[in-house]
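This report concerns only the one structure given below.
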Protein chains: 2
Amino acid sequence: MTQPPAPGDREPASPSWELLLPASSAPARARGRALQSALRDAVRSGRLASGTRLPSSRDLARDLGVSRGLVTEAYEQLTAEGYLRAGRGSGTWVGEAARAAAPGASDLAPRPPTGVRADFVAGSPDLSLFPRAAWSAAQRAVLADLPHHTLGYPDPRGLPRLRTALAELLTRRRGVVADPERIIVCSGVTQAVTLLGIVLRARGQHDIGVESPGSPQYEDLFATVGSRAVRLPMDGEGLVMEALRESGVRTAVTTPSHHFPSGIAYSARRRTQLLSWARRVGGLIVEDDYDGDFRYDRAPVGALQGLDPEHVAYTGSVSKSLAPGLRLGWLIVPDALTDDVVARKRYMDLGNPALDQAVLARFVERGDYDRQLRRCQRAYRERRDALVTALHEHLPGTEVSGIAAGLHAIATLPARHGPHQELIDRCASAGVSVRPLGHYGGAAGDGVSLVIGYAHLSPARITEGVRLLAHAALRARFP
Amino acid sequence: MTQPPAPGDREPASPSWELLLPASSAPARARGRALQSALRDAVRSGRLASGTRLPSSRDLARDLGVSRGLVTEAYEQLTAEGYLRAGRGSGTWVGEAARAAAPGASDLAPRPPTGVRADFVAGSPDLSLFPRAAWSAAQRAVLADLPHHTLGYPDPRGLPRLRTALAELLTRRRGVVADPERIIVCSGVTQAVTLLGIVLRARGQHDIGVESPGSPQYEDLFATVGSRAVRLPMDGEGLVMEALRESGVRTAVTTPSHHFPSGIAYSARRRTQLLSWARRVGGLIVEDDYDGDFRYDRAPVGALQGLDPEHVAYTGSVSKSLAPGLRLGWLIVPDALTDDVVARKRYMDLGNPALDQAVLARFVERGDYDRQLRRCQRAYRERRDALVTALHEHLPGTEVSGIAAGLHAIATLPARHGPHQELIDRCASAGVSVRPLGHYGGAAGDGVSLVIGYAHLSPARITEGVRLLAHAALRARFP
């Protein structure tokens, strides 16, 4: 790997850049990923110091012998993630956000489904995509050669084999800084946040910031552990920094890769601001990466945790990629919190069940998990497209947002279709179950904003559901 | 790596041993593993010839610059695996079992179960009795016809099908009053007690009574939820009522069917007194029925809960009957507590994983679970008999108690074998791992009381273990 440029050395001689990407016959996509990963590592480790100017994409592409598009894409991706920043001119620079740190790890999951004519309530993946045959085969294989001791009382942090597999997976897919020793296997995002809530409460943190709009579970969750959820407003870039600062909280639970429910990704600027805030107040950002794997039109934004693992706790789960019923997820916390979180996990349940952990480890090791993610990604992209097409056809004038990623979108109908409650009621009697943005604490704007979960529905059912929804909406005007 | 010592050279000069373990800053656990692996390789390759005497653990620890415990553990582990053997004196020798083999054979090295020559530490069932084939078949069957929605977010109380199956099972086998609507599936007794601790703490109960001697986990467990374990003395019939009354606690965690660790069953009179107390103070008895299914000479004592389900919370698990690694258990609480406990369970983990629940339901429904219990019961009775026979033969004068049920017994050796710590240390160096009753808070009596877990060992290993134990005990008198 390349030597660190001396501080102030803003334009290293181009040859050193070649070392970022060893010559290879790998396909372009793999090389692009390798370049991004090498850049991320170089920034994180300090080999590329903050303020360093990167070569132009044309120069670097020539030096590396790759297409210019591949470099541009890498720059854009890492700028979105906060590792780089675009200068006022045409240059690209190493940003201030990343901080070198010891390896660490994480994941999250939310809510339940129901059954109506068209159920657009967000939160569930398509349970019929669960790979039953492959899972069953993996179960059999695992039971055939599991050492006996794995059936004994577990390590509360989780099966070492699974933690190793997850560290590789999360580093590769999400840019997380993940050391198997710091990953805690848990039952999902709810348990992860509960664990953190208990540990922080014991350290005197009674107030925890959460996004508004956002997951409605946090008031009850934090009340259960004896603390309080403080709702903080969002703007188009993420949590509003001024409100965060004034709130006095030192911990905030966030969904930076794909905000729930608005669907925005936090801007690079806001990501940097959040990290600066956390460092200044000695605080913690909890990164709920509940659906970070599902992004349709570009590569996923890397996890915020990768920029500063000592100020970000990362959590996620298999609830969206496999099934919520598995209750299997992960949490990676800053060093300073690890022991306390493990102790709480121990008295909560002694650790997660062993067999599912071993099966998931095998699934990840053998590439079955990546295959499953690709399969879901294809299916969900197709469903998103069906939703957008149907909305444009049946409800012209509707603005659809938050569609770049995830399992749901926001549809804002023209104001004439409101007010909200009336529309929701009409939908309900037409057999269409859907929630307004306001349900999640969103401000009521001019239009009628609906949160539409689509991932669990077939394209045909989505189209039919939108037809029914449109019918209900139009009845408002011609009752 | 060190040169093979010349044949007959039974005490190689210490410097050569240093090469077993290169200096390293790796954590102790990793160094311990490295040492074990190096020793194994050296024996296997013939570099350490059969009959070679190893340095004392103290000497080797000094030479390697590691803790003595690390070396002792490595010796114990390799003795258990057959690479080394404990000599008649205090020495450790290379055994005859290992045969030099081509590299790669290390993959076939016997995988240690727990790690000593005879491990009498109580708490684990025999993990090799886990019915892998039947469990695997049940998993396959369950995955083949599970409704999709079962893979979604679960009912925090547990799968209805499992709660129904458990209600039938616990009513029939344990005389529990069990309505499926009041059963809460949980991860085991630790989670059950933690849930109750949180709920009771929120209702102002800061002190919870626990048995002394008893499970040593309760101090930490209750501290974790913000309350306090109050140790209450036992007599031959159960908790001492006067101490219970005077303590002021309103909740007590008990093991009335088979007290841990003494092995007594609470007397009928004491059971009645406990219930009267609970009614008078509006209190709660938590009944930990951790091994109520294993009773050898008569029918099991029915659960206390059956006598007064509004003053007894009943909890148990499959940790002794199937495997602790499944993390699957149950809790039945009085009506007045049910909603609160379910709410806490919800924020703790949203509910237990679905697949294992469905498999266990099927197991219970089809009689596989009863078959497994009978199988364990037969195996454990045979082991208990082997233990009692061996103790009488090798340590005449030893009193054995608590043998009517369960997975462990109390062996009280004549006082001449004491004091405890010396005996325990001698046992440890003979490769016998065992705990004194005092470890669990038991009062030191005249004799030397040991808690001997036998269920996880084969009869042959039990007999051999007792022989080693007797040898260590006799060394006290004729050192």
Side-chain angles (χ1 to χ4, degrees), chain A residues 109-113 115 123-128 130 132-133 135-136 139-140 143-144 146-154 181 186-188 190-191 193-194 197-198 202 217 220-221 224-226 319 322-328 343-344 346-357 456, chain B residues 27 111-114 123-128 130 132-133 135-136 139-140 142-144 146 148-154 186-188 190-191 193-194 197-198 202 217 220-226 319 322-328 343-344 346-357 456:
Chain A
R111 339 214 44 257
S124 179
D126 185 345
L127 300 171
S128 76
F130 182 76
R132 293 190 183 218
W135 195 260
S136 187
Q139 282 182 328
R140 202 161 57 246
L143 264 179
L146 196 71
H148 284 319
H149 69 80
T150 308
L151 292 166
Y153 285 96
E181 291 304 305
C186 63
S187 90
T190 295
Q191 183 174 74
V193 176
T194 297
I198 294 173
Q217 76 168 336
D220 281 355
L221 186 152
T224 300
V225 305
S319 292
L322 286 166
L326 289 178
R327 309 305 317 122
L328 200 44
R344 302 302 169 137
R346 164 147 176 45
Y347 286 108
M348 202 172 264
D349 54 23
L350 296 188
N352 268 58
L355 294 180
D356 284 346
Q357 287 191 70
H456 57 296
Chain B
R111 291 293 306 174
T114 15
S124 179
D126 185 344
L127 301 170
S128 77
F130 183 75
R132 292 191 184 218
W135 195 262
S136 187
Q139 282 182 328
R140 200 159 63 246
V142 157
L143 264 178
L146 197 71
H148 285 320
H149 69 80
T150 308
L151 292 165
Y153 286 96
C186 65
S187 90
T190 296
Q191 182 174 73
V193 177
T194 297
I198 294 172
Q217 75 168 337
D220 281 355
L221 184 152
F222 286 115
T224 301
V225 305
S319 292
L322 288 167
L326 288 179
R327 309 305 316 126
L328 199 44
R344 302 301 169 137
R346 166 148 176 44
Y347 286 107
M348 202 171 264
D349 55 23
L350 296 188
N352 267 61
L355 294 181
D356 284 346
Q357 287 192 69
H456 56 295

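These values consider heavy atoms only, across backbone and side chains, with no hydrogens, waters or symmetry-generated copies. Proteins come first, then strands; the chains are lettered A, B, ... in the order of their sequence lines, and each starts at number 1.
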Problem set entry | Thr190(B) side, atom OG1; Leu350(A) side, atom CG - distance, nearest 0.5 Å |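 Interatomic distance, Thr190(B) OG1 to Leu350(A) CG, rounded to 0.5 Å: 4.0 Å.
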Contact summary for [X] and [Y], nearest pair of heavy atoms:
X	Y	value
Gly152(B)	Pro324(A)	C-CB, 3.8 Å
Pro353(B)	Asp356(A)	CB-OD2, 4.0 Å
Asp349(B)	Ser187(A)	CB-OG, 3.1 Å
Arg132(B)	Pro147(A)	NH2-C, 3.9 Å

Out of [options], which one racks up the most heavy-atom pairs below 4.5 Å with chain A?
options	result
Leu151(B), Thr194(B), Asp126(B)	Leu151(B)
Gln217(B), Arg344(B), Gln357(B), Met348(B)	Met348(B)
Ser128(B), Ala323(B), Ser124(B)	Ser128(B)

Portion of [X] that has a non-hydrogen atom of chain A nearer than 4.5 angstrom:
X	answer
Asn352(B)	backbone
Leu146(B)	both
Ala202(B)	neither

Problem set entry | Residue pair Val225(B) / Tyr347(A), side-chain heavy-atom distance below 4.5 Å |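 With C-beta onward as the side chain, the pair stays apart.
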Exercise. Any side-chain heavy atom of Ser136(B) sitting closer than 4.5 Å to one from Leu143(A)?
Worked result: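 Answer yes - side chains close enough.
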For this session: Identify which of Leu355(A), Leu326(A), Thr224(A) forms the greatest number of heavy-atom pairs closer than 4.5 Å to chain B.
Result: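 Option with the top pair count is Thr224(A).
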For this session: Go through the atoms of Tyr153(A) and report whether side chain, backbone, both or neither lie under 4.5 Å from a heavy atom of chain B.
Result: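 The answer is both parts of Tyr153(A).
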For this session: Could you walk me through whether Arg140(A) and Gln139(B) pass side chain to side chain contact (heavy atoms under 4.5 Å, CB included), step by step?
Result: CA-CA 8 Å; Arg140(A) 202 161 57 246; Gln139(B) 282 182 328; over 6 Å; no
